[in-house]
Amino acid sequence: GENVEQHPSTLSVQEGDSAVIKCTYSDSASNYFPWYKQELGKRPQLIIDIRSNVGEKKDQRIAVTLNKTAKHFSLHITETQPEDSAVYFCAASITDKLIFGTGTRLQVFP
Amino acid sequence: DVKVTQSSRYLVKRTGEKVFLECVQDMDHENMFWYRQDPGLGLRLIYFSYDVKMKEKGDIPEGYSVSREKKERFSLILESASTNQTSMYLCASSPLQGGQETQYFGPGTRLLVL
């Protein structure tokens with residue numbers, strides 16, 4: 001069936017370093033790819049999204065890249081800060097719903 | 001500012017009980033969703049609704065039902081709670097039909113079934 005694989009499941013980086021989280025999806029018809037951040041004890045919130053007619057999108061320290069041919073997309077966080085510590089979920093649209101990845105726990109150490 | 005609220009933050013129920021989880025959104029959104037969140041499994045879609053009285057099965061609908069009598073309210077029902085339904089339940093809404101818009105999540109209900 002349709003699925004989204006996300007790697008790694010945990011990621012530890014030093015403050016100031018970059019972090020990259022990768023996702024692959026199975027349905028070639030998917031055309032919307034959001035990323036959600038969930039801080040401890042809080043609700044998931046959208047941080048960035050990309051549509052299939054775009055290869056890359058940036059918003060300050062975060063960027064997302066999409067390779068439709070290979071069916072994978074990635075989240076890039078530069079100059080990480082302790083407040084970036086959270087669980088990050090990727091997702092891909094399948095007709096009228098989203099399929100989420102299993103999440104990546106990012107820890108940024110000062 | 002979109003607000004999605006859920007009736008309880010924490011709930012403890014006994015096996016076999018009927019459980020109602022309520023979700024309300026105040027932004028006149030068309031779509032509403034129920035997910036469960038389990039460690040290592042991410043967010044899994046239980047049911048969703050794109051209109052009043054309409055419902056669609058998600059990826060894990062077994063053991064659950066839903067009700068959407070009013071546009072702003074979407075209820076998740078566990079007909080006979082079981083221990084494997086112990087989980088965090090998240091409600092979400094989005095403005096347009098189709099899975100291609102921002103979803104706004106509620107704070108979650110942590111359900112423990114004993």
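Reminder, nothing fancy here: chain letters follow the sequence lines and each chain counts from 1. All values derive from a computational prediction rather than experimental measurement. Below, each value reflects all heavy atoms present in this structure, side chains not excepted, and no hydrogens, waters or symmetry copies.
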Measuring from atom [atom1] of [X] to atom [atom2] of [Y], what distance do you get when rounded to the nearest 0.5 angstrom?
X: Q103(B); Y: F100(A); atom1: CD; atom2: CZ; result: 5.0 Å
X: S94(B); Y: L98(A); atom1: OG; atom2: CG; result: 8.0 Å
X: F105(B); Y: Y36(A); atom1: CZ; atom2: OH; result: 5.5 Å

Report summary line: When the 4.5 angstrom heavy-atom criterion is applied to E56(B) and chain A, the contacting part is neither
Requested in this report: Please flag which part of L90(B) lies under 4.5 Å from any non-hydrogen atom of chain A: side chain, backbone, both or neither.
Outcome: side chain
Query - Within 6.0 Å of CZ in R44(B), more than 12 heavy atoms from elsewhere - result: yes
Flag yes if [X] and [Y] sit in one hydrophobic cluster, no otherwise; membership is Ile, Leu, Val, Met, Phe, Trp, Tyr, and two members link when side-chain heavy atoms are under 4.5 Å apart.
X: F89(A); Y: V108(A); result: no
X: I46(B); Y: Y35(B); result: no
X: I62(A); Y: V54(A); result: yes
X: I47(A); Y: F73(A); result: yes
X: Y32(A); Y: Y25(A); result: no

Contacting region of [X] [heavy-atom separation from chain B under 4.5 Å]:
X: R51(A); result: side chain
X: Q45(A); result: neither
X: F33(A); result: neither
X: P44(A); result: both

Report task. Just give me the residue among L41(B), T102(B), D38(B) that pairs up with chain A most often, heavy atom to heavy atom, under 4.5 Å. Result -> T102(B)
Report summary line: Taking every heavy atom of G41(A) against every heavy atom of R9(B), the minimum-distance pair comes out as O-NH2, 3.9 Å
Query raised in the report: Which pair of heavy atoms, one from F48(B) and one from K97(A), lies closest together, and at what distance?
Result: CE2-CD, 4.3 Å
Report summary line: Those residues at least two apart in sequence (or on a different chain) that pass side-chain contact (heavy atoms from CB on, under 4.5 Å) with L114(B) are V12(B), R14(B), L112(B)
Query raised in the report: Does anything in residues 68-76 of chain B get under 4.5 Å of chain A by heavy atoms, and if so which residues?
Result: none
Query raised in the report: For K22(A), which residues count as a salt bridge (Lys or Arg N to Asp or Glu O under 4.0 Å) partner, sequence neighbours excluded?
Result: none
Query raised in the report: What side-chain hydrogen bond (donor to acceptor under 3.5 Å, both in side chains) pairs are there with at least one residue in residues 79-93 of chain A, not counting sequence neighbours?
Result: N31(A)-S93(A), R61(A)-D84(A)
Query raised in the report: Does the side chain of D59(B) reach to within under 4.5 Å of the side chain of I99(A), using non-hydrogen atoms?
Result: yes
